[in-house]
Amino acid sequence: DMYFNGDNSEVALKLFDKFHSRNLVMWGTVISNCARSGFPRKALDLYIAGFKHGFLDSVTLLAALRACSSLVLNREGKAIHGMAVKLGFSHDTFIGTALIDMYSKCKDMVSARNAFLTLSVKDDVSWSSLISGYAQNECWDDAVKAFYKMHHHHQIKPNAVLIACLLSICARVFTNLQCKEIHSYIIRHGFDANALVNNSLLAAYSKCGDLGSARTVFWGMDNKDEVSWNSIMLALGQHGHIDEVFKLFKRMKETGTKPDHQTFTAILSACSHTGRVAEGLEYFRSMSEEHMLKPKLEQYTCLVDLLGRAGYLEQAYELIMTMPHPPD
RNA sequence: CCGGGACUUGGAGG
């Protein structure tokens, strides 16, 4: 567990391989960590291996479900669901919540809802799993209805994660009036120092066209993280304020926040929409050369768009044919 | 005694 937490998953896995007496907790630790930190495939393999050796409990099951969820593996998820039922875990709130999530990610909201209804104890996480599932599948009415039921009927208070969820719904289908309503709730209930909440709030304001409020939220934060910077830069770019994007990028680096892939997506997309070809090319170059980030398909696409939109069709075509990713 | 579930920002077009 220590090696996983120190970002040394490789070492952890090697160690695990070497041990000859491996108990259930060790299996649980390793599988959960794999599922959580970018090795869902490995998590599933280990889940199966552990199962064959007789190591299986609610923790390994839970991790396997999480892996299926992130890999969007409907069949495997269903099989694990069956196993959970067989072993009598299907009423466990954690397992049930993971099932809701897994089915939601697989776009099977009927099964997600059934898993939810099966739960004898529904806590705030179970509700938010369901609500976010509805939102991810664009079932906006169901999401909002479930929220009201949770809040008014079952008197469960929204936590930070759910608030973030609701704000992302606002961003998609509501206006800044609903944002303001939630904003006031956030202040009244002491969520206004929460970075997750503020990031969601500023994105929602921006998507609802209220860039001023988005700015206010951003500058009011004293715990800005990379998501905060990316979100405000994206917001400014989408509203055409390209020079502010450039300034903020500088500022971001000065404050010691490392730009990531999404940072460059925001900048490149902003450059493209404002025809700033030279700057865009320069940022793209700096991405790998100064920031040690390998451009992904998204960044190449921005670049193709940048060139194409500015009329450099030959170069755009050439880039599509030579970029290191298969074009989609 | 040790392992466990939901969430915010990200490419083109419409």
Side-chain angles (χ1 to χ4, degrees), chain A residues 1-2 4-5 23-36 43 55 57-66 69 89 92-102 104-105 112 115-116 119 122-133 135-136 158-171 194-204 206-207 214 218 224-235 237-238 259-273 295-306 308-309 316 320 325 327-328:
Chain A
D1 201 24
M2 184 191 77
F4 274 113
N5 286 324
N23 63 32
L24 187 53
V25 173
M26 288 164 65
W27 281 94
T29 305
V30 171
I31 298 174
S32 300
N33 275 296
C34 285
R36 237 183 319 112
F55 294 107
D57 68 351
S58 63
V59 174
T60 63
L61 260 172
L62 193 61
L65 283 174
R66 187 180 171 135
S69 164
F89 290 128
D92 179 299
T93 304
F94 277 35
I95 296 282
T97 301
L99 284 169
I100 298 167
D101 176 59
M102 185 275 293
S104 300
K105 295 273 157 50
F116 177 79
L119 285 179
K122 301 168 173 62
D123 65 8
D124 54 338
V125 181
S126 326
W127 280 99
S128 86
S129 186
L130 180 73
I131 293 168
S132 121
Q136 280 159 17
N159 60 24
V161 170
L162 184 61
I163 292 174
C165 229
L166 296 173
L167 284 166
S168 76
I169 294 176
C170 285
N194 185 302
L196 169 69
V197 167
N198 281 324
N199 291 342
S200 315
L201 184 60
L202 93 83
S206 164
K207 295 240 168 72
F218 175 78
K224 303 180 189 64
D225 59 13
E226 45 286 307
V227 175
S228 322
W229 290 97
N230 292 348
S231 302
I232 194 67
M233 288 170 64
L234 186 77
Q238 283 171 343
D260 60 13
H261 285 88
Q262 306 187 35
T263 313
F264 284 96
T265 306
I267 297 186
L268 293 171
S269 159
C271 288
S272 161
H273 288 102
K296 299 186 194 177
L297 179 61
E298 284 86 342
Q299 286 74 240
Y300 276 101
T301 306
C302 285
L303 203 57
V304 169
D305 185 60
L306 176 77
R309 207 182 285 271
I320 293 176
H325 303 277
D328 65 0

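Lettering follows sequence order; numbering is per chain, from 1.
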* Can any side-chain N or O of S32(A) pair as donor or acceptor with the backbone N or O of T29(A) at less than 3.5 Å? -> no
* L202(A) CG to C7(B) C1': how many Å, rounded? -> 15 Å
* Asked: Between H325(A) (side chain) and P295(A) (backbone), is there a donor-acceptor pair under 3.5 Å?
  -> yes
* Structure fact -> Taken to the nearest whole Å, CD1/I163(A) to P/A6(B) is 18 Å
* For I31(A) and G5(B), give me the distance from atom CD1 to atom P, rounded to whole Å. => 13 Å
* Look at the side-chain N and O atoms of Q136(A) and state whether any lies under 4.0 Å from the OP1 or OP2 oxygen of A6(B). => no
* To do: Assess whether one donor atom and one acceptor atom, taken from the side chain of T97(A) and the base of G5(B), lie less than 3.5 Å apart.
  => yes
* To do: Assess the side chains of D260(A) and T263(A): does a donor N or O sit below 3.5 Å from an acceptor N or O?
  => yes
* Asked: Would you say the side chain of S128(A) and the base of A6(B) hold a donor-acceptor pair, judged only by whether the two atoms sit under 3.5 Å apart?
  -> yes
* Rounded to the nearest Å, what distance is computed from the CZ atom of residue F94(A) to the P atom of nucleotide G3(B)? -> 12 Å
* Give a yes or no on whether a donor-acceptor pair under 3.5 Å exists between the nucleobase atoms of G3(B), that is its base, and the side chain of D57(A). => yes
* S200(A) side chain to L196(A) backbone, donor-acceptor under 3.5 Å -> yes
* Structure fact -> To the nearest angstrom, the CG-C1' distance between D101(A) and A6(B) comes to 6 Å
* For the pair made of CZ in F55(A) and C1' in G4(B), what is the distance, rounded to whole Å? -> 18 Å
* Whenever both distances are under 3.5 Å in a Watson-Crick or G-U wobble pair, mark it; put RNA chain B into dot-bracket that way, with [ ] for crossing pairs and | when the partner is on another strand. => ..............
* **Residue S32(A), side-chain heavy atoms: nucleotide from C7(B), U8(B), G4(B) that is nearest** => G4(B)
* Structure fact -> Per-nt protein contacts along nucleotides 9-14 of chain B (heavy atom under 4.0 Å; B base, S backbone sugar-phosphate only, - none) come out as BBBSS-
* Would you classify N159(A) as touching base, sugar-phosphate or nothing, given that sugar-phosphate means primed atoms plus P, OP1 and OP2, and contacts are heavy atoms under 4.0 Å? => base
* side chain to side chain contact (heavy atoms under 4.5 Å, CB included) assessment of T301(A) paired with E298(A) -> CA-CA 5 Å; T301(A) 306; E298(A) 284 86 342; 5.6 Å; no
* **Between P of G5(B) and NZ of K105(A), the distance in whole Å** => 12 Å
* Asked: To the nearest angstrom, how far is L162(A) atom CG from U8(B) atom C1'?
  -> 12 Å
* Asked: Reckon S126(A) touches a base, only the sugar-phosphate, or nothing at all at heavy-atom distances under 4.0 Å?
  -> base
* **Any R36(A) side-chain N or O less than 4.0 Å from OP1/OP2 of G3(B)** => no
* N/O donor-acceptor pair, side chain D124(A) with base A6(B), under 3.5 angstrom -> no
